[in-house]
Amino acid sequence: MRVGLGYDVHRLVEGRKLIIGGVEINHDKGLLGHSDADVLIHAIMDSILGALALGDIGKHFPDNDEKFKGANSMKLLEFVYHLMDEKGYKIGNIDSTIIAQSPKMAPHIFSMRENIAKILNTDIENINVKATTEEKLGFTGKKEGISSQSICMLIRK
């Protein structure tokens, strides 16, 4: 059994789509990043890579590499899944949190869980996604950005 922790944050800006957990969410702003800036998927990838002692997403998908510009983070998660599979591990469980003042995430959480479970070839019961605000405190509370945290447990196949 191995455990990994992941964290990611992106700034909210106009003119970008808001994609979280592979779900496009209707909002007046989106997350700024080299890829699609899916903050939840980035945190989950970092937790898996951490559990495998394989560095972080910056090592595997550098933000100065043009081939990752605008990349679909679900495709990047698929790459991380294959690394995990090759090392002989599978998902035990993932617990993640999205920290955002708005928009409300609750209507989208089940779809996010389905997307993640499908890519990671695991049962949806092994994937937990929750959301919280920061009571209007800090950069997330002031609607300047969104962050996400993830912890995963990997087990030998």
Side-chain angles (χ1 to χ4, degrees), residues 1-12 17-25 27 30-33 35-61 71-157:
M1 172 177 60
R2 300 187 69 127
V3 176
L5 180 67
Y7 173 81
D8 196 45
V9 60
H10 287 280
R11 178 186 316 260
L12 281 164
K17 292 180 181 178
L18 181 60
I19 300 170
I20 300 180
V23 175
E24 188 174 331
I25 299 170
H27 193 56
L31 294 170
L32 181 62
S35 67
D36 62 8
D38 189 328
V39 70
L40 173 62
I41 299 304
H42 293 184
I44 288 172
M45 288 190 293
D46 265 353
S47 68
I48 295 168
L49 290 168
L52 295 169
L54 292 176
D56 59 19
I57 62 174
K59 175 182 175 183
H60 295 272
F61 317 112
N72 179 335
S73 292
M74 298 304 286
K75 294 288 186 190
L76 303 180
L77 180 62
E78 191 172 3
F79 176 84
V80 170
Y81 166 77
H82 289 297
L83 289 176
M84 177 185 72
D85 188 52
E86 289 168 9
K87 291 276 191 180
Y89 286 93
K90 65 180 182 176
I91 298 295
N93 75 299
I94 291 175
D95 186 26
S96 56
T97 305
I98 304 162
I99 301 110
Q101 196 64 40
S102 69
K104 293 291 184 194
M105 298 293 157
H108 310 287
I109 285 178
F110 186 78
S111 295
M112 292 175 189
R113 291 176 63 217
E114 281 183 319
N115 292 343
I116 295 161
K118 181 179 179 183
I119 295 289
L120 295 177
N121 196 29
T122 192
D123 191 283
I124 194 169
E125 298 300 317
N126 296 330
I127 307 297
N128 190 48
V129 175
K130 53 196 180 291
T132 189
T133 69
E134 288 195 302
E135 302 297 325
K136 300 184 180 176
L137 298 172
F139 70 90
T140 56
K142 294 175 185 170
K143 301 180 186 180
E144 295 171 355
I146 295 176
S147 66
S148 186
Q149 301 173 355
S150 175
I151 190 165
C152 77
M153 180 178 66
L154 303 182
I155 54 178
R156 281 265 182 213
K157 293 193 278 181

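In this chain, residues are counted from 1 in sequence order. Below, all heavy atoms of this structure are taken into account, side chains as well, without hydrogens, waters or symmetry copies.
- The closest donor-acceptor contact from the side chain of D36 to the backbone of S73 lies under 3.5 Å.
- The backbone N or O of S148 lies less than 3.5 Å from no partner atom in the side chain of D8, so there is not a single donor-acceptor pair.
- For Y7, the ring-ring contact (aromatic ring centres under 6.0 Å, His included) test picks out no residue, with sequence neighbours left out.
- Smallest separation of non-hydrogen atoms from S96 and L40: OG-CD1, 3.5 Å.
- Closest approach of L83 to L52, counting heavy atoms only: C-CD1, 4.4 Å.
- Side chains of L18 and L31 form a contact here, defined as non-hydrogen atoms less than 4.5 Å apart.
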Show your working on side-chain contact (heavy atoms from CB on, under 4.5 Å) between S102 and H27 and close with a plain yes or no.
-> CA-CA 9 Å; S102 69; H27 193 56; 3.8 Å; yes

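- Judged purely by distance below 3.5 Å, without hydrogens or angles, the side chains of E134 and T140 pair a donor atom with an acceptor atom.
- In the model, N126 has no side-chain atom that pairs as donor or acceptor with a side-chain atom of N93 under 3.5 Å.
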Pair S150-S47, side-chain hydrogen bond (donor to acceptor under 3.5 Å, both in side chains): steps then yes or no | CA-CA 6 Å; S150 175; S47 68; 3.0 Å; yes

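- Residues forming a salt bridge (Lys or Arg N to Asp or Glu O under 4.0 Å) with K136 (at least two apart in sequence, or on another chain): none.
- Under the ring pair (Phe, Tyr, Trp, His ring centres under 6.0 Å) criterion, the residue pairs touching residues 35-55 are H10-H42, with sequence neighbours excluded.
- Between M105 and A100, the closest heavy-atom pair is CE-CB, 4.1 Å.
- Among residue pairs with one or both ends in residues 72-84, none qualify as salt bridge (Lys or Arg N to Asp or Glu O under 4.0 Å); sequence neighbours excluded.
- Smallest separation of non-hydrogen atoms from I91 and M84: CD1-SD, 3.7 Å.
- Remark: side-chain polar atoms of D56 are not paired, donor with acceptor, to backbone N or O of D46 under 3.5 angstrom.
- Applying the salt bridge (Lys or Arg N to Asp or Glu O under 4.0 Å) rule to pairs touching residues 138-157 yields D85-K157, sequence neighbours excluded.
- The salt bridge (Lys or Arg N to Asp or Glu O under 4.0 Å) contacts involving residues 101-124 comprise nothing, where partners must be two or more places apart or lie in separate chains.
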